[in-house]
*Asks:* 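What follows is a structure written as structure tokens; I'll ask about it next.
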Amino acid sequence: MKLVRLISCIIVVLIFTIGCKEDSPSEPNETNNALISQSVGTEGGIVETDELSISIPGGSFSFETDVSITKAEKQSDYSDVSSTNWFTIEGIPVDYSLPINISLSVDDVPEGLPLIMISAPCFSTSVNSVRESFYFLEANYSEGKLNVAIPAVSNNGSLLKTNEGGKFSYTVWGSIKGYFGYTSINEHFYIIAKEGTSPLAVSNLGEYLEDAYTSIKSMGFDYSRRTAWPINVKIIKNLGIDGAYSASPFGINRDFIEIKSALLNDELTSKVTAGHEFFHFAQSMYEPFTQFNRGVDMIVDWASNQVTGSNKFKPKQLWLDEASAVWIETKFAKNADYISASYESAVHNMPFAGYKEIVDGNPASYGYGMFPFIKYLVKAEGEDVVKKAYDEIYKSAHPLTAISLASDGDLNNHWHTFIKELCAGEIVKDINLMQLKANAGSTEEKITSLDETDKTLNATLNELSAKIYYFPLDFTKTNDIVPIKFSVTKGAISVFKFANRSLDLLRHSKSIVSLPNLNLLKDEGARIYVVHSLGTISHPYTGSTAASLSYSIQAPQFDLSLYNEMHLTIVCRATRKNTAGDSDVRYEYPHSQNSVLRIDNFSGSFSDNTFSVDFMDQKGSWNAEIISASASASVDIANLKATNIKLDLNFKPKNNEFVEFKQQIHISELPFTEKYDYLKFSLRGADIGHVITSFMDREDEYPNLFIEYMDLKFDEDSYIGLTFYQR
């Protein structure tokens, strides 16, 4: 449901029959406020007043019980459209097996669609309270009576049949007049609306629902567990929420949708609400529970309207139902930047709270706040990932296990990348680290001195969570080069700077991030934010763990004579304008989506800060032999960068398909990244286009194979890394 997902169920009141009554089943008794109370056994019977008659077929009940009829108060939303008194029927066993027939006397021929409305108390997990759920049943009018059958619970939807003696009640809300029905064009939806509602608006809603039916089915969702159509859709004035999908205790074929009437005047809201609520229907086809257990096994103190029981049958994927239903609204809004009102009203820092929130907090609210995670997964894996996850849920997989299986077991890596992109503002428009910090809070750690410092900040993080650290630069600036290193014991870190009203991601790493110079950041007036993300540990993913963040301020110490190996890693993925037309052409270097050019083990030495090497007879990564090559790079210690990096290669293909050819890669500079027993200089993303001075591929006698890379637009997956090792 949108804003609140109703798991519509008849609440079982665990009251056992107290002995057998001495009165004959055929002789009604007047008890308390009941108009009538009568014992009914396995042979069935009729319980009736002057206005209401209940006919119970033989074989419906498995034990003898008292069935009573009490006059009820009219529900205000329907008081003006009801032409009869209202009644509460109590004492129906939870395991009745045949439809119960009801006849209600009416004074006049019903206006419009003849309806009888019944209700039963329903527990909503979203608001943690009991709510009436209403069923409109079309009645047959004959000789001053409206006749209708209250359906029996389907065989696969036992209302806790093992709980012998369990009973429930429902209210017959009388004859409802002044409504009309409309069947959508493909007959999948039957919409019931009050007379005066725009027929055009109702038919439009039917069109939106049919579009949702087709679109979601095209994603691979299977509706075959429902064997009877159409789905009833009620238009309600005072629903209190935009829409609701309710899982009926009478079986999947009786599930229904409710839509607030005010939405019919807003095309966009009607479309996305129709898609959202129908997606809840599609999700319910994948719940591995009996019909009753699709709801919540709750015991209710009806007088105080308080839940007093357990929720052991609550679907664990309720949060995922809401998160993915909020995501799917984007499909029907046909706008990638569309943000659901459900997410706008949610607590946006839910991804920081951790999965334990689903146990200790509100699953539906957690789901609304986790919408960006579904949006990220779809971007990373394709929308098929959602259907694959529900396939695993149907096999009884935990929802997080299901997501992991649907994304090739990469849930941890996805989580860290998701947190990085969410904080960078790449997933939800106008939501980034600065907005998230306001809700999620942060731990502040001022850097007041540039003296050598090693400090550890301890924290306890829930699984699938994140924590924000804020480092104000409160020291006196110097002209020195002062690097800082951040590291975590578990999880991953993303380091951001905020300067000149702009948020920039500086580095992301599974363990360690180094920034080359705190003084330069101080010069910019920057503030440092470190986001520490923790993925999953083990099923059922509700644990917490100690996960510390450490930072170290150290003066750089470079003894270049110790370094005698150079490694160069290059991934260039880019687009350039096609000179023969207006289209963009995609280039990748090396020429495979998943390959990386990695030239290792250049053994040489530094001389006056310049590392140089000549070598030959080494194997390249594309089935060719390097017959001669040279590499060189200089390290600018004063400014912590590698400069004038050159790699010149001469190749001979093994298959002799081409003559010898050359490759030339020249790079002006790379910034210092980190230092351990190695020195690393690297750059990622579009910035590498600014430092490449020459990038030639296959300069040989085939001019059409020659590519000059200088005017390419590099994307975020592009990377150049230069590392010097001590061998």
Side-chain angles (χ1 to χ4, degrees), residues 1-2 6 8 74-84 86 102 104 106 109-120 122 131-141 146-151 170-210 212-213 226 228-265 269-270 273-274 276-278 280-281:
M1 120 195 118
K2 190 159 180 257
L6 298 178
S8 177
K74 288 189 177 183
Q75 209 272 352
S76 59
D77 287 349
Y78 298 96
S79 298
D80 62 335
V81 293
S82 176
S83 60
T84 65
W86 297 12
I102 290 179
L104 186 66
V106 293
V109 177
E111 300 175 18
L113 192 66
L115 296 172
I116 283 180
M117 185 170 71
I118 67 168
S119 75
C122 165
R131 177 182 184 269
E132 291 288 322
S133 178
F134 299 97
Y135 296 78
F136 282 176
L137 301 177
E138 286 193 49
N140 173 44
Y141 175 75
L146 288 176
N147 305 297
V148 74
I150 308 299
Y170 52 69
T171 299
V172 176
W173 292 108
S175 168
I176 304 300
K177 60 184 179 180
Y179 280 76
F180 69 94
Y182 170 80
T183 302
S184 61
I185 189 168
N186 292 327
E187 301 184 353
H188 293 123
F189 303 93
Y190 182 64
I191 303 173
I192 300 174
K194 193 173 180 181
E195 289 180 355
T197 305
S198 165
L200 178 60
V202 171
S203 65
N204 285 342
L205 177 62
E207 182 181 329
Y208 305 150
L209 287 164
E210 289 288 0
Y213 177 100
R226 181 171 180 127
W229 298 82
I231 292 178
N232 275 6
V233 181
K234 296 184 299 178
I235 307 300
I236 299 178
K237 179 180 180 181
N238 297 320
L239 185 59
I241 48 183
D242 285 353
Y245 168 76
S246 295
S248 168
F250 297 114
I252 287 174
N253 287 339
R254 300 258 177 193
D255 289 358
F256 61 94
I257 292 172
E258 296 168 292
I259 301 291
K260 185 167 67 175
S261 59
L263 264 62
L264 299 183
N265 301 319
T269 307
S270 293
T273 302
H276 183 118
E277 301 310 333
F278 184 75
H280 282 322
F281 158 77

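On a predicted model such as this, the values are computed, not experimentally measured, just so you know.
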*Asks:* Indicate yes or no for a side-chain donor-acceptor contact from Arg226 to the backbone of Asp255 under 3.5 Å, with no hydrogens or angles considered.
*Replies:* yes

*Asks:* Nearest heavy-atom pair of Lys194 and Tyr179: which atoms, and what distance?
*Replies:* N-CD2, 3.5 Å

*Asks:* Calculate, to the nearest 0.5 Å, the distance between atoms OG1 and NZ belonging to Thr197 and Lys237 respectively.
*Replies:* 10.5 Å

*Asks:* Who are the side-chain contact (heavy atoms from CB on, under 4.5 Å) partners of Glu138, not counting sequence neighbours?
*Replies:* Leu113, Leu115, Tyr190

*Asks:* Please check if the side chain of Glu258 supplies one atom and the backbone of Ala244 the other of a donor-acceptor pair under 3.5 Å.
*Replies:* no

*Asks:* Give me the atom names and distance for the closest heavy-atom approach of Asn253 to Ala228.
*Replies:* OD1-N, 3.2 Å

*Asks:* So among Leu263, Leu264, Ile192, which one has a side chain to side chain contact (heavy atoms under 4.5 Å, CB included) with Ile235?
*Replies:* Leu264

*Asks:* How long is the span from the CG atom in Leu209 to the CD1 atom in Ile259, to the nearest 0.5 Å?
*Replies:* 6.5 Å

*Asks:* Return the set of residues passing side-chain contact (heavy atoms from CB on, under 4.5 Å) with Glu210 (not counting sequence neighbours), or none when no residue passes.
*Replies:* Ser184, Ile185, Asn186, His188, Phe189, Tyr213

*Asks:* If you measure from CD on Glu195 to CZ on Phe180, what distance do you get to the nearest 0.5 Å?
*Replies:* 7.5 Å

*Asks:* For residues Pro230 and Glu187, report the shortest heavy-atom separation together with the two atoms involved.
*Replies:* CB-O, 3.5 Å

*Asks:* Can you sort out the partners of Tyr182 under side-chain contact (heavy atoms from CB on, under 4.5 Å), two or more places apart, ordered by chain and number?
*Replies:* Ile191, Val202, Ser203

*Asks:* Tell me whether Asn232 contacts the main-chain N or O of Phe256 through its side chain, where contact means a donor paired with an acceptor under 3.5 Å.
*Replies:* no

*Asks:* Could you pull out the closest heavy-atom pair between Ile116 and Val148, with the gap in Å?
*Replies:* CD1-CG1, 3.8 Å

*Asks:* Determine the interplanar angle of the Phe278 and Phe281 rings, folded into 0 to 90°, and report it as parallel if under 30°, tilted if 30 to 60°, perpendicular if over 60°.
*Replies:* tilted

